[in-house]
Q: 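Following this message is one structure expressed as structure tokens.
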Number of protein chains: 2
Amino acid sequence: MEGKIKVEKCDCTIIHEDVVERATKNMPNEELLYDLAELFKVFGDSTRVRILCALDEAEMCVCDIASVLNMTQSAISHQLRVLKQARLVKNRRDGKVVYYSLDDEHVRTIFDDGLAHIKEQEERGN
Amino acid sequence: MEGKIKVEKCDCTIIHEDVVERATKNMPNEELLYDLAELFKVFGDSTRVRILCALDEAEMCVCDIASVLNMTQSAISHQLRVLKQARLVKNRRDGKVVYYSLDDEHVRTIFDDGLAHIKEQEERGN
DNA sequence: AATACACTTGAACAACTATTCATATATTTA
DNA sequence: TAAATATATGAATAGTTGTTCAAGTGTATT
């Protein structure tokens, strides 16, 4: 469904008008939030997360990555495409070989924030 | 498929052994990366992103949120469940009304990082 | 030019996910 | 206790996504 605008409304009677109005007014641009969700969606797959982790270590060719993740080269290639479209990785060609590397300084930051959340969760007991 | 371990290997001949070995060795725990992806998956839906945005403004009941997002109460309730399981929101009951609020200091940080990436993308022209 | 090889890509399929609809639960009020 | 209301939940469904398989590019080597 993602991104469709719904028409139905809640049928409650005791809505907190002031809060609703304020929140509605301060909501960021719908498109921006959509793009944000799209970005996180890219991070929301363990194969892609692992690829990013591998590339954080060093620039690598497709076969290298496939070998590290123990997956087919085709599967990796498909995912690299997604990562590239999201501008998280870039590539360069050297003869037959295509080398991929991280294309964003924020990748590590976003990772670390996510890890911080997970760690805090664990500490709070789960 | 998510989380399954593959058996096939890449059939390339010119793997960069040193890089592969180093990357393999330094890869974080598989389970940790899986959890990380699971977390980002929660952020990877615009409805949930919008809910978090709304709650960043103020504590709200389910109907309030439904009203702000212009969606059915049921849909919101289902998503709040996901957010709660991920420990991103918490709730308290006051009579018939259940109030939800953010349950994590990192939510805003993660948001901001994501936005930083998007902005940089735009600046680089796209 | 022909072969080999690293990589890409399209189609197909299975697994997953978000919303809807109907119904259930919990709490207040009459 | 019965009715009203805010929320939750289960099943169904349509849409999405990741991997596989087969075939296609592009580059180097002979």
Side-chain angles (χ1 to χ4, degrees), chain A residues 1-16 20 34 37-38 40-51 59-67 69-86 89 91-100, chain B residues 1-16 20 34 37-38 40-51 59-67 69-86 89 91-100:
Chain A
M1 285 294 136
E2 264 304 305
K4 282 196 186 169
I5 293 154
K6 293 295 160 334
V7 188
E8 283 157 294
K9 274 225 172 186
C10 169
D11 56 353
C12 304
T13 52
I14 50 156
I15 301 172
H16 308 78
V20 170
Y34 181 80
E38 286 300 304
F40 286 126
K41 205 172 281 181
V42 176
F43 282 97
D45 175 83
S46 63
T47 297
R48 290 192 290 266
V49 163
R50 285 160 75 214
I51 291 176
E59 178 190 65
M60 297 173 91
C61 72
V62 180
C63 272
D64 289 343
I65 302 170
S67 180
L69 302 207
N70 203 33
M71 290 177 67
T72 65
Q73 172 256 21
S74 176
I76 299 297
S77 186
H78 276 296
Q79 295 298 5
L80 283 169
R81 191 162 172 268
V82 175
L83 289 168
K84 203 190 171 192
Q85 278 172 340
V89 305
N91 59 7
R92 69 181 178 86
R93 179 160 217 134
D94 182 13
K96 285 183 283 190
V97 184
V98 178
Y99 291 94
Y100 282 84
Chain B
M1 284 291 135
E2 263 304 307
K4 281 195 185 169
I5 293 153
K6 293 292 159 338
V7 188
E8 283 157 293
K9 275 227 173 183
C10 169
D11 56 352
C12 304
T13 50
I14 51 155
I15 300 173
H16 307 80
V20 170
Y34 181 79
E38 286 299 303
F40 286 126
K41 206 171 282 180
V42 176
F43 282 96
D45 175 83
S46 62
T47 298
R48 289 191 290 266
V49 164
R50 285 161 75 215
I51 291 175
E59 178 190 68
M60 296 173 91
C61 72
V62 180
C63 272
D64 288 343
I65 302 170
S67 180
L69 300 207
N70 202 32
M71 289 177 68
T72 64
Q73 171 262 3
S74 177
I76 299 298
S77 187
H78 277 296
Q79 295 298 4
L80 283 170
R81 190 163 172 269
V82 175
L83 290 168
K84 203 190 171 194
Q85 277 174 342
V89 304
N91 58 8
R92 69 181 178 86
R93 179 158 218 138
D94 182 13
K96 286 182 284 190
V97 183
V98 178
Y99 290 94
Y100 281 85

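In what follows, chains are A, B, ... by sequence order, proteins preceding strands, each numbered from 1.
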Q: Distance check needed: C:dA18 P versus B:R81 CZ, whole Å only.
A: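 Rounding to the nearest Å, CZ of B:R81 and P of C:dA18 are 12 Å apart.
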Q: For the side chain of B:R93 and the backbone of B:G95, is there at least one donor-acceptor N/O pair under 3.5 Å apart?
A: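 At least one qualifying donor-acceptor pair exists.
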Q: Quick one: does B:H78 reach the base of C:dT20 with a side-chain donor-acceptor pair under 3.5 Å?
A: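 For B:H78, whose side chain was compared with the base of C:dT20, there is a donor-acceptor pair (under 3.5 Å).
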Q: Does any N or O in the side chain of A:R48 come within less than 3.5 Å of the main-chain N or O of A:K41, such that one atom is a donor and the other an acceptor?
A: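 Present.
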Q: Compare side-chain N and O positions of A:Q79 against OP1 and OP2 of D:dT19 and report whether any pair is under 4.0 Å apart.
A: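 Checking A:Q79 against D:dT19: at least one side-chain N or O falls below 4.0 Å of OP1 or OP2.
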Q: What are the two closest non-hydrogen atoms of B:A66 and B:I76, and how far apart are they?
A: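 Result for this residue pair: CA-CG1, 3.7 Å.
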Q: Does OP1 or OP2 of D:dC21 have a side-chain N or O of A:T72 closer than 4.0 Å?
A: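 For D:dC21, OP1/OP2 do not have a side-chain N/O of A:T72 under 4.0 Å.
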Q: Do A:S74 and D:dC21 have a side chain to base donor-acceptor pair shorter than 3.5 Å?
A: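 Side chain to base: pair found, below 3.5 Å.
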Q: Indicate, with a heavy-atom threshold strictly under 4.0 Å, whether B:Y99 touches base, sugar-phosphate, or nothing.
A: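 Nothing, no nucleic acid heavy atom in range.
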Q: Taking CZ from A:F40 and P from C:dT17, how many angstroms apart are they, rounded to a whole number?
A: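 Rounded to whole Å, this separation is 18 Å.
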Q: Would you mind telling me which of C:dC7, C:dT19, D:dA6 lies closest to the side-chain atoms of B:T47?
A: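 The closest nucleotide is C:dT19.
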Q: For the side chain of A:K41, starting at C-beta, report the closest nucleotide among D:dT17, C:dC7, D:dT19.
A: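 Minimum distance to the A:K41 side chain belongs to D:dT17.
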Q: What is the separation between atom CD on B:Q85 and atom C1' on D:dA8, rounded to the nearest whole Å?
A: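 Taking CD of B:Q85 and C1' of D:dA8, I get 13 Å after rounding.
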Q: For DNA chain D, whose closest nucleotide is more 5', that of A:G95 or that of B:S77?
A: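 Its nucleotide being nearer the 5' end, the pick is B:S77.
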Q: How close or far is atom C1' of C:dC5 from atom CG of A:D94, stated in whole angstroms?
A: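 It works out to 14 Å between those atoms.
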Q: Test your reading of the model: is there a side-chain donor-acceptor pair from B:N91 to the backbone of B:V98, 3.5 Å cut-off?
A: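 It does not hold such a pair.
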Q: Give me the ring orientation class for B:F40 and A:F40: parallel if the planes are under 30° apart, tilted from 30 to 60°, perpendicular past 60°.
A: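 Answer is parallel, since the angle falls under 30°.
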Q: For B:K96 and C:dA24, give me the distance from atom NZ to atom C1', rounded to whole Å.
A: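 One finds 17 Å between C1' of C:dA24 and NZ of B:K96, rounded.
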Q: Measure from the side chain of B:M71, starting at C-beta and using heavy atoms only, and say which of C:dT19, C:dA6, D:dT7 lies closest.
A: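 That would be C:dT19.
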Q: Take the protein atom CG of A:N91 and the nucleotide atom P of C:dA6, then report the distance between them rounded to whole Å.
A: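 About 17 Å, once rounded to whole Å.
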Q: How many whole angstroms separate atom CG of A:L80 from atom P of C:dC7?
A: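 Checked: the CG to P distance equals 10 Å.
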Q: Starting at atom CZ of A:R93, determine the distance to atom C1' of C:dC7, rounded to an integer number of angstrom.
A: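 Atom CZ in A:R93 sits about 7 Å away from atom C1' in C:dC7.
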Q: Taking only the side-chain nitrogens and oxygens of B:Y100, find out if one of them lies under 4.0 Å from OP1 or OP2 of D:dA8.
A: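 Answer is yes, contact under 4.0 Å.
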